[in-house]
Each structure stands twice: as C-alpha cells, then as structure tokens.
Visitor: 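Here's a structure for you.
Here the structure is a predicted model, which is why all the values come from computation and not from measurement. In what follows, every chain begins at residue 1, and chains take the letters A, B, ... in the order their sequences are listed.
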Number of protein chains: 2
Amino acid sequence: MSENVGRWLRDEIENAILSYEFAPGERLDETVLANRFGVSRTPVREALMQLDAIGLIEIRPRRGAIVIDPGPHRIYEMFEVMAELEGLAGSLAARRLDKASREAITATHGRCEKSAAAGDSDAYYYDNEEFHKAIYAASRSDFLQEQCAQLHRRLRPYRRLQLRVRNRLSTSFSEHCAIVDAIFTGDGDEARRLLRTHVGIQGERFSDLVASMAAR
Amino acid sequence: MSENVGRWLRDEIENAILSYEFAPGERLDETVLANRFGVSRTPVREALMQLDAIGLIEIRPRRGAIVIDPGPHRIYEMFEVMAELEGLAGSLAARRLDKASREAITATHGRCEKSAAAGDSDAYYYDNEEFHKAIYAASRSDFLQEQCAQLHRRLRPYRRLQLRVRNRLSTSFSEHCAIVDAIFTGDGDEARRLLRTHVGIQGERFSDLVASMAAR
DNA sequence: ATTGCAGATCTTGTATACACAAACGTTGAC
DNA sequence: GTCAACGTTTGTGTATACAAGATCTGCAAT
C-alpha cells in the first residue's frame with residue numbers, strides 16, 4: 001500500500017479507469033469511492049486532484065469529477081506526440097548508447113522475439129512495453145524518459161487494442177529489428193524515423209483503432 | 001479568485017515558485033502557507049498535490065513538500081523536449097494552416113518585430129510567447145497545444161534569462177522570420193528544423209544559460 | 001569530541017463535522 | 001398539459017480535530 005492512502009488510491013483509481021472499470025463519462029462520487037475503499041473522503045479527494053492534474057479525469061467545481069473520454073481524434077493526437085517523443089528518444093539513444101543500455105535493449109528485444117514467435121499477444125504486449133522503456137532509458141535524458149513513460153501509460157489501453165489486429169505482432173517485431181539496428185549502428189536519424197512510423201498510427205491502423213474502440 | 005480556493009492557491013504558489021519567491025530546495029510548510037493565505041490546511045494540501053503532479057514540487061511522504069531544483073542539466077533536457085514538440089507543432093501548422101491561424105501568426109510576428117526593433121526585451125519576451133502560442137494553436141492538435149503550453153510555462157523563467165544575452169533579440173527575430181516563411185509556404189520539414197534549432201539551447205547558448213543561472 | 005539513544009516537539013496524514021451550492025422533484029398556476 | 005418556482009436533498013468545499021510518524025534536542029557513554 002504505496003506509502004500513504006492518497007497515492008495508493010490514485011494508483012487504484014487510475015488502474016480502474018485505464019481498465020475501463022470506470023467508464024469514460026462516468027461520474028466519480030467521492031463518498032461512494034470512500035466507502036468502496038474503506039477510507040474517508042479526504043484521501044479520495046487528494047487522489048482525484050492528482051488524477052485531474054494528470055488529465056485522466058476532470059473536476060468541475062462544485063459538480064464533481066467525471067472520467068474523461070478522449071475520443072478517437074484526441075487519442076490520435078496523443079499517439080502523434082508519443083511518436084515524436086519516442087523518435088527523439090531513439091535518436092538520442094543512438095548517439096549516446098552505452099554498454100548497459102545496449103544490453104537492456106538486446107534483452108528486451110529478445111523477449112519480444114520469443115513472444116512474437118509464440119504468437120502470444122499478451123506476453124508481447126508486456127515485453128513490448130519493456131522494450132520501449134529500455135529505449136527511453138537509453139536516451140539518457142531523465143526528463144524525456146519521464147514524459148515518455150507517462151504518455152505511454154496513458155496510451156496503454158489503446159496499444160493493447162492495436163495488438164489484437166491481424167499480423168500486427170510480426171509486423172511490430174520486424175519494425176523493432178530495424179529500430180535496434182539503427183540504434184546500434186549509431187544512426188540517430190534513421191532510428192528517429194523508424195520509431196516515428198512505428199509508434200504513430202497512420203492510415204488503416206487508425207481506422208482499426210477506431211473500429212475496435214467502437215466495438216466496446 | 002479562481003472558482004475554488006484550492007485552484008487559486010495552486011496558481012498562487014505556482015507563480016511564487018516560478019518567480020523564485022519560493023526558492024528551489026525550499027521547504028513548503030503547510031501550516032505556514034495556510035496562515036499566509038488565510039485559509040485552512042485542506043486547500044493548501046490540495047494545491048500542493050497538484051503542483052506535485054505537475055512536477056514543480058516534490059512531496060515526500062510524511063516529510064513535507066520541497067520546491068524542485070531542476071538544475072542546468074535537467075533544464076537542458078526540458079528544452080530539448082520542448083524543441084521537439086515545437087518542431088512537430090510547426091510542421092503540422094505548415095500542413096494544416098488555415099486563414100485564422102495565418103492571421104494570428106502574422107499579427108504576433110508583427111508585434112515581435114516592433115519590440116525587437118525597439119530593443120525592448122521585456123515586451124519581446126511577452127510577444128515572443130504569444131507568437132509561439134499562435135504556432136501551437138495553428139498545429140490544430142489540442143493535445144499538442146496543451147503539452148506545449150505546459151512545458152512553455154515551466155520553462156518561462158529560463159527563457160527570460162536567455163533573452164538578456166547580447167544580440168539574442170535580433171537573432172531570435174530573424175529566426176522567427178524564417179519560421180513564418182516555412183510555415184506559410186507549407187514547408188513542414190523546414191519549419192520543423194528551424195523551430196528545433198530556434199528553441200533548443202545548443203553550444204554557447206547553454207553555457208550562457210548556466211552562467212546566468214549561477215549568477216542568481 | 002563524537003556518536004547513539006530517548007524524550008519532546010513539530011508536521012504530516014486521515015477522519016469527521018459543518019456550510020453551502022447545485023441538482024432534482026414536487027406543487028401550483030397559467 | 002406544460003412550465004416555472006420553491007423546497008428538499010444530495011454531494012462538494014472548507015475547517016478543525018486527532019493520530020501517527022519524523023525531526024530535533026539534549027544527555028550520556030564510549
């Protein structure tokens with residue numbers, strides 16, 4: 001139970017939102033949440049304030065908190081920014097790569113290979129996350145790493161939907177290969193370019209996403 | 001007094017931090033703040049939680065809040081990310097430019113010209129901000145616009161320091177001219193490239209920044 | 001003189017109580 | 001039958017009280 005009740009609640013509610021237990025548009029009643037988690041309203045409010053600052057919910061003065069529904073268009077915008085940041089991380093990683101980062105990337109890349117070969121999309125989903133985090137870390141920019149991790153977290157549920165699409169697993173993995181190549185050979189521009197297209201959701205991949213969102 | 005006391009306090013404390021009234025590393029005592037603003041501790045805590053989420057302060061469990069001292073290196077990293085995001089905004093703006101955005105950019109660019117010609121660095125500081133915001137808006141990506149605005153806000157004090165450096169005013173303005181050109185001719189790649197170098201702080205500009213920070 | 005421990009003090013974390021605003025339902029008039 | 005106004009109810013916003021943990025001070029022992 002993470003240090004204090006407020007932070008624990010923040011994580012708890014955040015997970016509930018990201019896993020659609022609290023649906024977009026749903027109203028979060030402070031008293032109800034307090035009862036549900038067996039605490040008073042005070043830490044609940046603190047958790048909600050933090051979630052508001054992160055952008056997961058919106059607190060309208062005197063009218064309570066509602067879960068934000070980003071909508072396809074905004075999600076597209078978020079992926080667009082994510083692509084840009086990952087591109088930067090990749091280009092920095094290529095320039096600054098050290099032994100430890102290289103090993104971390106190799107290791108996570110290897111795990112992705114296994115999961116992809118096994119066709120295990122749940123495992124790949126997790127390994128993929130670790131792979132990308134290894135690249136953030138390799139950028140050696142703490143701030144960039146934090147920003148990437150935060151956005152990555154918010155986009156997590158949609159990434160999961162994406163992986164369900166046919167062939168996406170093997171396509172994704174072969175893109176990973178090219179990215180690793182570019183980073184290891186120190187080609188920053190190429191790493192940037194590859195990551196941008198890998199992360200971004202252009203063309204039919206966007207309509208796939210919209211379709212799977214609508215299917216909920 | 002922004003709707004409720006908590007948000008008002010957040011803005012108030014945020015300004016105090018950004019203007020160095022609360023120095024980096026300084027401890028923010030909840031009771032002291034509550035007395036100072038004539039409210040109870042509850043809204044003060046809410047404001048602090050939000051500032052923690054934004055990244056301006058750090059709340060260590062049971063040990064109070066301290067103002068974060070980014071340090072030159074982290075500030076450099078922040079400018080690096082800012083440069084990337086502005087680059088993206090510029091490239092999108094070039095692609096999606098509409099009449100209203102074009103006029104907004106022209107107008108703010110014109111104001112920059114006047115301030116630069118007058119050598120009024122305080123006025124230029126403000127006009128420059130509006131110019132960049134016009135570009136964010138022209139990107140037509142709400143999410144990107146928000147991210148840019150937020151980072152821009154956090155970097156505000158350091159930008160101000162930068163402008164004090166000799167010749168920076170006219171250099172900055174001529175860079176603006178090229179940027180406007182690229183956006184208006186629809187050259188997204190060029191706009192991106194120009195904005196990246198305009199916003200980033202490479203080489204001697206970084207040492208200038210460090211020097212002026214050390215002078216505090 | 002320095003280090004370690006114990007008590008005191010101060011600050012944060014959580015709960016509860018109260019005040020006040022907004023939503024909702026009911027009633028009455030047109 | 002519809003709409004508006006009023007009263008009720010519900011839930012948020014703020015204050016205060018209490019509990020628990022952290023820091024600090026002083027004293028003692030090495």
Visitor: Does B:R7 contact D:dG13 through a side-chain donor or acceptor facing the base, at a distance under 3.5 Å?
Guide: no
Visitor: Kindly write out the residues that satisfy ring pair (Phe, Tyr, Trp, His ring centres under 6.0 Å) with A:F131, not counting sequence neighbours, or none if the list is empty.
Guide: A:H109, A:H176
Visitor: CG of B:L9 versus C1' of D:dG13: gap in Å, rounded?
Guide: 13 Å
Visitor: Going by atom type alone, with no hydrogens or angles, which donor-acceptor pairs under 3.5 Å involve a side-chain atom of residues 59-69 of chain B and a protein atom two or more places apart or on another chain?
Guide:
residue : atom : partner : partner atom : Å
B:R60   : NH2  : B:R63   : O            : 3.1
B:D69   : OD1  : B:G71   : N            : 3.3

Visitor: Within residues 21-31 of chain A, find the residues that approach DNA chain C with a heavy atom at under 4.0 Å, and present them sorted by residue number.
Guide: none
Visitor: What is the distance, rounded to the nearest whole Å, between atom CZ of B:F37 and atom P of D:dT14?
Guide: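 After rounding, the reported distance stands at 15 Å.
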Visitor: Which atom pair, heavy atoms only, marks the closest approach of B:S172 to B:Y124?
Guide: OG-OH, 2.7 Å
Visitor: From CG of B:N4 over to P of D:dG13, roughly how many Å is that when rounded to an integer?
Guide: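 In whole Å, D:dG13 P and B:N4 CG are 6 Å from each other.
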Visitor: Show me the pairs that pass ring pair (Phe, Tyr, Trp, His ring centres under 6.0 Å) and involve residues 47-99 of chain A, at least two apart or across chains.
Guide: A:Y76-A:F206
Visitor: Mapping A:A65 and A:T42 to their closest nucleotides on DNA chain D, which lands nearer the 5' end?
Guide: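 Here A:A65 is the residue nearer the 5' end.
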Visitor: In chain order, what residues pass the salt bridge (Lys or Arg N to Asp or Glu O under 4.0 Å) check against B:E175, with sequence neighbours excluded?
Guide: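 B:E175 satisfies salt bridge (Lys or Arg N to Asp or Glu O under 4.0 Å) with B:R168 once adjacent residues are dropped.
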Visitor: Taking C-beta and beyond as the side chain, do B:E103 and B:K99 meet within less than 4.5 Å on heavy atoms?
Guide: yes
Visitor: Take atom CZ of B:R41 and atom C1' of D:dA19, then tell me their distance rounded to the nearest Å.
Guide: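 Spelled out: CZ on B:R41 to C1' on D:dA19 is 12 Å.
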Visitor: In chain order, what residues pass the side-chain contact (heavy atoms from CB on, under 4.5 Å) check against A:A149, with sequence neighbours excluded?
Guide: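 Expected list: none.
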Visitor: Mind checking which nucleotides bracket the chain B contacts on DNA chain C, 5' to 3', with an atom under 4.0 Å from a heavy atom?
Guide: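 Extent of the interface on DNA chain C: C:dT11 to C:dT14.
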Visitor: Tell me which donor-acceptor pairs under 3.5 Å the side chains of residues 36-44 of chain A have, and how far apart each pair is, sequence neighbours excluded?
Guide:
residue : atom : partner : partner atom : Å
A:R36   : NH1  : A:E21   : OE2          : 3.4
A:R36   : NH2  : A:E21   : OE2          : 2.6
A:S40   : OG   : A:T42   : N            : 3.3
A:R41   : NE   : A:E30   : OE1          : 3.1
A:R41   : NH2  : A:E30   : OE1          : 3.1

Visitor: Using a cut-off of strictly less than 4.0 Å between a heavy atom of the residue and any atom of DNA chain D, enumerate the qualifying residues of residues 46-53 of chain B by number.
Guide: none
Visitor: Mind checking ring pair (Phe, Tyr, Trp, His ring centres under 6.0 Å) for B:F22 and listing every partner two or more places apart, or none if nothing turns up?
Guide: none
Visitor: Can you tell me the distance, in whole Å, between the CD1 atom of A:I66 and the C1' atom of D:dG11?
Guide: 16 Å
Visitor: Mind checking what makes salt bridge (Lys or Arg N to Asp or Glu O under 4.0 Å) contact with B:R196, not counting sequence neighbours?
Guide: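 Partners of B:R196 by the salt bridge (Lys or Arg N to Asp or Glu O under 4.0 Å) criterion, ordered by chain and then number, come out as B:E84.
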Visitor: Both B:R45 and A:R63 contact DNA chain C. Which one's nearest nucleotide lies toward the 5' end?
Guide: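 Looking at DNA chain C, the more 5' nearest nucleotide goes with B:R45.
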Visitor: Just grab all the salt bridge (charged side-chain N to carboxylate O under 4.0 Å, His left out) pairs involving residues 106-116 of chain A, residues at least two apart or on different chains.
Guide: none
